[in-house]
Number of protein chains: 2
Amino acid sequence: MAVGRDQIITLAIQHLNEDPTASMAQLAEATGVSRATLHRYFAGKEELLVVLGSRALDGWERVQRQAAIEEAAASADPARITTALHELLTGLVNDVQEHGFALTEHVMTKLPGLQERADELEEREIAFYLAAQRAGVLRPDLPVRWISNTVYGLLVAVRESLRRGDVARRDIERTLLETFLRGTS
Amino acid sequence: MAVGRDQIITLAIQHLNEDPTASMAQLAEATGVSRATLHRYFAGKEELLVVLGSRALDGWERVQRQAAIEEAAASADPARITTALHELLTGLVNDVQEHGFALTEHVMTKLPGLQERADELEEREIAFYLAAQRAGVLRPDLPVRWISNTVYGLLVAVRESLRRGDVARRDIERTLLETFLRGTS
DNA sequence: TTCGTTTGAGACATCCGTGTTTCAAATGAT
DNA sequence: ATCATTTGAAACACGGATGTCTCAAACGAA
C-alpha cells in the first residue's frame with residue numbers, strides 16, 4: 001500500500017502545524033499524494049478539516065478521560081483533584097504538540113459540529129475546575145471560566161515556546177504547572 | 001468631510017477584531033466607503049494590513065514607553081520594576097481590546113517589516129523581565145522567554161474572556177495580575 | 001452658480017484555490 | 001503474465017477576492 005488515509009491525516013496535521021493556511025495542493029504535496037487522490041479520500045477541504053479537527057478533539061477528550069477529571073471532581077478529594085489536574089495539564093501539553101494548529105485557528109470553529117463538541121469538552125473541564133476550587137486546590141476568588149481561559153492561553157504559550165525553542169521539551173510540563181499554580185513571582 | 005483615512009483605519013481594526021478573515025469588500029462596507037475609495041487610500045490589502053499592524057505595534061510600543069520599562073530595568077529598583085510591571089500589563093490589556101486580532105493572526109507575521117519590529121519590542125520586554133528577575137520581582141528559575149510567552153498567552157486569555165463575557169472589563173486587569181504573579185492556587 | 005475635486009457604482013481583467021473529469025501508467029493480487 | 005484497482009498528471013470549469021478603470025453624481029470652495 002502506498003499512503004493510507006490515517007497517514008495522510010497525520011501528515012496533514014503535521015503540515016498544518018507549520019503552515020495553518022496551507023492549501024489542498026500544499027497538503028497533497030506534504031502528504032506525498034496527488035491532489036486527485038486527496039479528493040478521493042476526502043470529499044473536500046471542509047471534510048478534511050472536520051476530520052482533522054475531530055482528531056484534535058479526540059485527543060483532548062482522551063486526555064480528560066485518562067486524567068479522570070470527572071471522577072476526581074465527584075470525589076471532592078483534594079489529593080485526587082490535584083493529581084488529576086497535573087495529569088490533565090501534562091496530557092494537554094502532549095496534545096498541543098500534536099494538534100497545536102487547532103488552538104488558535106479561527107477556521108476550525110466555523111465547521112459543523114466541531115464548536116459544539118469543543119464547548120462540551122470545555123464545560124466538562126470547567127466543572128472540574130469548579131470542583132478544584134471547592135476542594136481548595138484552586139483559588140475560589142477567580143472566575144472559573146477565567147481559569148479555563150488561562151489554561152487555554154498558557155497552552156498557546158507552550159506551543160510558541162516549543163516552536164521557538166525557548167523551553168526544552170522535557171521541562172515544559174513542570175514550567176507550565178509551576179506558572180499555572182504558583183505564578184511568576 | 002466624509003470618512004477620513006484615520007477613521008477608516010480605526011473602523012477596519014474594529015471590524016477585523018470581529019472577523020479577522022474579512023475581505024476588502026467587507027472592510028469597505030464596514031468602514032462606510034466604497035471599494036474604489038478604499039483602494040485610493042491603500043494601494044492594496046497588504047499595504048492596509050501593514051498599516052493596521054503598525055498601529056498595533058505603535059500601541060504596544062507606547063505601552064512600553066508609558067510604563068517606562070527601560071528606565072525601571074536600568075534602575076534595578078524592585079519597587080520601580082513592580083510598578084512598571086503593573087503598568088505594562090494594564091496597558092497591554094487596553095491594547096488587546098483595540099488590536100486583539102493581531103495577537104494570533106498568522107497573516108500579520110508574514111508582512112514585510114512587521115515581524116522584525118515585533119521582535120524588537122519583544123526583546124525590549126524580555127530585557128525588562130530579566131531585570132525583574134534579577135531584582136527579585138519575578139522568579140529567577142523560569143526561562144525569561146517563557147515569561148514573555150506567558151504574558152502573550154495570558155493576553156490571549158484576556159481577549160477571549162472579554163469577548164465571551166467571562167470576566168467583567170473592570171476586573172480583568174486585577175485578575176490578570178493576580179494570575180500572572182501568584183498563579184491559580 | 002461655477003468649477004475643480006472626490007466619491008460611488010459598476011464593469012472588467014486577473015489570479016488563486018477548489019473541485020471534477022479523463023486517461024495513461026503504476027500497482028498488486030492471482 | 002493477466003487483469004482489476006489505484007494512482008498521478010493534466011486539463012477544465014467555477015467561484016471568490018483582488019486590483020484597475022471609467023464616468024456620472026455628489027461635494028466643496030470660490
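Note that the coordinates shown come from a computational prediction; the quantities given were computed from them, not determined experimentally.
Contact between the side-chain N/O atoms of Tyr41(B) and the OP1/OP2 oxygens of dT6(C) is not found at any separation under 4.0 Å. Dashed line: the shortest gap from a side-chain N or O of Thr37(A) to OP1 or OP2 of dG8(D) is under 4.0 Å.
Closest approach to the Arg35(B) side chain among dG8(D), dT18(C), dG19(D) is made by dG19(D) (side chain taken as heavy atoms from C-beta onward).
Counting all heavy atoms, side chain and backbone alike, Pro78(A) lies closest to Ala135(A) at CG-O, 3.6 Å.
Atom-to-atom, NZ of Lys45(A) to C1' of dC16(C) comes out at 12 Å; the value is rounded to the nearest Å. dA9(D) atom P lies 16 Å from atom CE of Met24(A), rounded to whole Å. Rounding to whole angstrom units, CD of residue Gln26(B) and C1' of dG16(D) are separated by 11 Å. For the pair His39(A) NE2 and dA10(D) P, the interatomic distance rounds to 18 Å; values are reported in whole Å. For the pair Glu29(B) CD and dA9(C) P, the interatomic distance rounds to 11 Å; values are reported in whole Å.
How far CD1 of Ile81(A) is from OH of Tyr129(A): 12.5 Å, rounded to the nearest 0.5 Å.
Scanning atom types as modelled, no donor and acceptor separated by under 3.5 angstrom connect the side chain of Arg40(A) and the base of dG19(C).
Comparing Gly44(A) and Val33(B) by the nucleotide of DNA chain C that holds the closest heavy atom to each, the one mapping nearer the 5' end is Val33(B).
Listed for the Arg35(B) side chain is no donor-acceptor partner under 3.5 Å among the backbone atoms of Ala25(B).
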